[in-house]
Amino acid sequence: MNITVWNEFRHEKENKVVSDIYPEGIHSAIAGFLEGDEHVVRTATLDEEEHGLTDEVLEDTDVLVWWGHKAHEEVTEEVAEKVKQRVLDGMGLVVLHSAHFSKVFKKLMGTTCDLKWREADDKERIWVVDPTHPITEGLGEYIDIEKEEMYGEHFDIPAPDELVFVSWFEGGEVFRSGATFKRGRGKIFYFRPGHETYPTYYHEDVQKVIRNGVKWVNNGGTPKNVYGNAQPLEHISEK
């Protein structure tokens, strides 16, 4: 499939801790392991023209993976609306970590998408709560991440179509960390871990979840819906 990995690419340029972990950017790290599955993967970043998401790129994208954090408001309304419409038309969307606050995700959810957070090297245990879901393929009962940023409930999102993962943090909080949604013809997967100052995207099981998530949100050749005035399918005789 054709995958586009989008990233602000700001922290990596401004914070040495982040650049040491992701010297080529978070987008490149994610693209690297997705390319291993023989997908066609491109990257796009905030400071490119149209944020790298031209009409041609979006039309050629089966699945868009989105990471954002400090510059959500710099994404133009025009581009955010275009991405939203492509999801409604059938493009898959994987939303990672702090992209819960992205314009695209909030537009698709219709809520604030707010939550509690704490950056304090918390251990995170991500429990698989739907072991039959394709996104959990190849995983055990849980994923342990030694250090991560804490996200805690309440997470202001609509009730997910499917809840796949729930996280526990050593500070005592829990969080709905893996959730799926359908909007129009498109499928969306939100996955929580991935703060920029931790090497989370090198974690084998985190990579496995993202790989599975990309496959799951891909609708392939789903036929378009037909709307508007319609002729009868069956012959109606005159009375």
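As a basis for the values below, the full set of heavy atoms in this structure was taken, side chains included, without hydrogen atoms, waters or symmetry mates. As the structure is a computational prediction, the values presented were derived from the model and not from experiment.
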Once you round to the nearest 0.5 Å, how far does [atom1] of [X] lie from [atom2] of [Y]?
X      : Y      : atom1 : atom2 : answer
Asp156 : Asp114 : CG    : CG    : 7.0 Å
Leu108 : Ile157 : CG    : CD1   : 13.0 Å
His11  : Ser19  : NE2   : OG    : 12.5 Å
Met109 : Tyr190 : CE    : OH    : 11.5 Å
His51  : Asn7   : NE2   : CG    : 13.0 Å
Trp66  : His27  : CH2   : NE2   : 13.5 Å

Check whether [X] reaches the backbone of [Y] with its side chain - one donor and one acceptor, N or O, closer than 3.5 Å.
X      : Y      : answer
His203 : Asp205 : yes
Asp122 : Glu149 : no
Asp130 : Val164 : no
Thr136 : Leu139 : no
Glu24  : Ala29  : no

message: Would Arg176 and Phe155 count as a cation-pi pair here, with the cationic atom under 6.0 angstrom from the ring centre and within 45° of the axis?
response: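 No, Arg176 does not sit over the ring of Phe155.
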field: Side-chain donor-acceptor pair present, Glu8, Thr45, cut-off under 3.5 Å
entry: no
message: Walk me through whether Thr197 and Glu119 qualify under side chain to side chain donor-acceptor pair (under 3.5 Å).
response: CA-CA 10 Å; Thr197 58; Glu119 190 177 347; 3.3 Å; yes
task: Name the orientation class of the two ring planes belonging to Phe191 and Phe189 (parallel below 30°, tilted from 30 to 60°, perpendicular beyond 60°).
output: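 The rings of Phe191 and Phe189 lie parallel, inter-plane angle below 30°.
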task: Give me the ring orientation class for His69 and His97: parallel if the planes are under 30° apart, tilted from 30 to 60°, perpendicular past 60°.
output: perpendicular
message: If I compare all heavy atoms of Arg183 with all of Ile188, which pair ends up nearest, and what's the gap?
response: CG-CD1, 3.7 Å
- prompt: Does any pair with a residue in residues 30-45 pass salt bridge (charged side-chain N to carboxylate O under 4.0 Å, His left out), and if so which ones, sequence neighbours excluded?
  reply: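 Applying salt bridge (charged side-chain N to carboxylate O under 4.0 Å, His left out) to every pair that reaches into residues 30-45, excluding sequence neighbours, yields Asp37-Arg211, Arg42-Asp60.
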